[in-house]
There are 2 protein chains.
Amino acid sequence: MASPVKTKKELILEVSLKLFSEKGYNPTSVRDIAKEVGITQSGLYNHFKGKDAILEALIADLMTSAVVKLFENKSIEELAKKGKSILFSIATTFKLISFDKKNEALFKLLMQELYKNSTIRDIYNEHFYQANVKKLSSIFFIMMQDETIKHADPLFLAHEFFSPLFFYQMQVNLLKIDKKSNSSMVTLFEKHVDSFWENNKVTKEDSFFE
Amino acid sequence: MASPVKTKKELILEVSLKLFSEKGYNPTSVRDIAKEVGITQSGLYNHFKGKDAILEALIADLMTSAVVKLFENKSIEELAKKGKSILFSIATTFKLISFDKKNEALFKLLMQELYKNSTIRDIYNEHFYQANVKKLSSIFFIMMQDETIKHADPLFLAHEFFSPLFFYQMQVNLLKIDKKSNSSMVTLFEKHVDSFWENNKVTKEDSFFE
DNA sequence: CAATTATATGAACATCTGTTCTTTATAATT
DNA sequence: AATTATAAAGAACAGATGTTCATATAATTG
């Protein structure tokens, strides 16, 4: 952390993210936020131009999500060499979202506003989904050249790898809202990696007949 | 159709579903609905007790979704015998959602209110997801006994089969909102079935060493 | 035809919303 | 210490919302 002391502006953002992720952007009133921050509604306007501005700041925060930073700073070749373990670490990142308050709230905010807010939709599509799919697709391509995984359409494989992760995460979200047990859902992240790898890794027979 | 003439009540539901699925329940005002129906806001109250009642009626309509009626009336054994083609027909049902106005609207309504409305969440969880997963799981179990597919955890397989279908459908929704091309996304439904079947069907070698 | 029910209207309502304004208190800077 | 910027409060606003009410018209029924 740059500054251990939380500014009021940061507090407002924190509270807003919490409320937006719980009730959605529109149903959360400026009064709700102010009350939880501990000031009056009008006081908010000393820190933000308006409710929109708060959302805008949080939208920018979406880029700090663990999902956006999945492959941060690492080269494709480097990652491809890791084999199954890179897939495992991706799945773990998704799984851990629900154990980290901020990441969970960001993901819930994203999901709730996806159909309503075109900016959020753009960020989701570009940085949460497409960027990751493309990067993983490149990794798969190298793995195929290295005979680590079987030859197939790498882009399709990337879609197939990511889609259950997003979906399972959403499911965990929903179960948590109703305080239902989500433990069996959480185990799916790892099982997904295992079965995905079993289905796509090069087996002895495959390389023998190559 | 029972009656070819649309009653005003049906028209209100139709318009409301359209608007709710586009803008969400809360952001859609009673005035919006009335205007598109062609009456004044107060006139709506001769047909429905309130805005809530309209949503309630539409929630009941969710049960008519193609996703809920996936396995309607057919026995597990019968379906298991169909092999790959049952999976194909499931995937096709999902794919066709975006080509049928009402089904598409119901799915969008569902997705938009999932985080906000606990009744919708219950229906989704029970009838859209769990019921289908369990039924498919039973089908997989029989397929395993029949040596049609490889032995594995049938419940996990069902999760892995369904999750991309839901996710791809959501993706198609989102792309359509922004009028972006979704053709490459739509092809994933069939590819998913193909690869799923290739990964799980019993091959010659499997049965040979049995 | 008369009576009743169903449907429509327009005005009004209370409530909630985001925002602005003026004024007061606090903190930072000179 | 004086000045200036920052943050807070409280009241008020204009607009939108769901709903109600009294009333008028149309449709149905006896």
message: Just to be sure I understand: a Watson-Crick pair is purine N1 to pyrimidine N3 plus N6-O4 or O6-N4, both under 3.5 Å. Using that and G-U wobbles, which stems of three or more pairs involve DNA chain D?
response: C:1-30 with D:1-30
field: Pairing residues for A/Thr92 by the side chain to side chain donor-acceptor pair (under 3.5 Å) criterion, not counting sequence neighbours
entry: none
Inter- and intrachain pairs under side-chain hydrogen bond (donor to acceptor under 3.5 Å, both in side chains), touching residues 57-66 of chain B, at least two apart: B/Asp61-B/Lys102
- line: Note: chain B reaches DNA chain D at heavy-atom distances under 4.0 Å over the stretch, first to last nt, 5' to 3', of D/dT17 to D/dC21
- request: Give me the residues of residues 40-57 of chain B where at least one heavy atom lies under 4.0 Å from an atom of DNA chain D, by number, or none.
  value: B/Gln41, B/Ser42, B/Tyr45, B/Gly50, B/Lys51
- request: Could you give me the CA-CA distance, side-chain angles and deciding distance for B/Asn182 and B/Tyr168, then say whether side chain to side chain donor-acceptor pair (under 3.5 Å) is met?
  value: CA-CA 10 Å; B/Asn182 59 15; B/Tyr168 293 154; over 6 Å; no
message: What residues from residues 11-30 of chain B pass a heavy-atom cutoff of under 4.0 Å to DNA chain C?
response: none
task: Would you please name every residue forming a ring pair (Phe, Tyr, Trp, His ring centres under 6.0 Å) with A/Phe107, sequence neighbours left out?
output: none
- request: Assert yes or no for the condition that the ring centre distance of A/Phe196 to A/Phe140 is strictly below 6.0 Å.
  value: yes
task: Would you please name every residue forming a ring pair (Phe, Tyr, Trp, His ring centres under 6.0 Å) with B/Phe162, sequence neighbours left out?
output: none
message: Please determine whether side-chain contact (heavy atoms from CB on, under 4.5 Å) holds for the pair A/Leu19 and A/Tyr25, giving the CA-CA distance in whole Å, both sets of side-chain angles, and the decisive distance to 0.1 Å.
response: CA-CA 8 Å; A/Leu19 295 177; A/Tyr25 171 71; over 6 Å; no
field: Non-neighbouring partners of A/Lys180 that pass side chain to side chain contact (heavy atoms under 4.5 Å, CB included), sequence neighbours left out
entry: A/Leu175, A/Asp178, B/Asp122, B/Asn125
- prompt: How would you list, by chain and number, every residue that makes a ring pair (Phe, Tyr, Trp, His ring centres under 6.0 Å) with B/Tyr129, sequence neighbours excluded?
  reply: A/Phe167, B/His159, B/Phe166
- line: Taking for A/Ile39 and for A/Arg31 the nucleotide of DNA chain D with the nearest heavy atom, the one nearer the 5' end belongs to A/Ile39
Pair up each side-chain donor or acceptor in residues 77-89 of chain A with any protein partner under 3.5 Å, not counting sequence neighbours, and list the distances.
| from | atom 1 | to | atom 2 | distance (Å) |
| --- | --- | --- | --- | --- |
| A/Lys84 | NZ | A/Asp194 | OD1 | 2.7 |
| A/Ser85 | OG | A/Lys82 | O | 3.0 |
| A/Ser89 | OG | A/Ile86 | O | 3.1 |

- request: Run through A/His192, A/Met170, A/Lys95 and flag the one making a side chain to side chain contact (heavy atoms under 4.5 Å, CB included) with A/Leu165.
  value: A/His192
- prompt: B/Glu198: what forms a salt bridge (charged side-chain N to carboxylate O under 4.0 Å, His left out) with it, not counting sequence neighbours?
  reply: B/Lys201
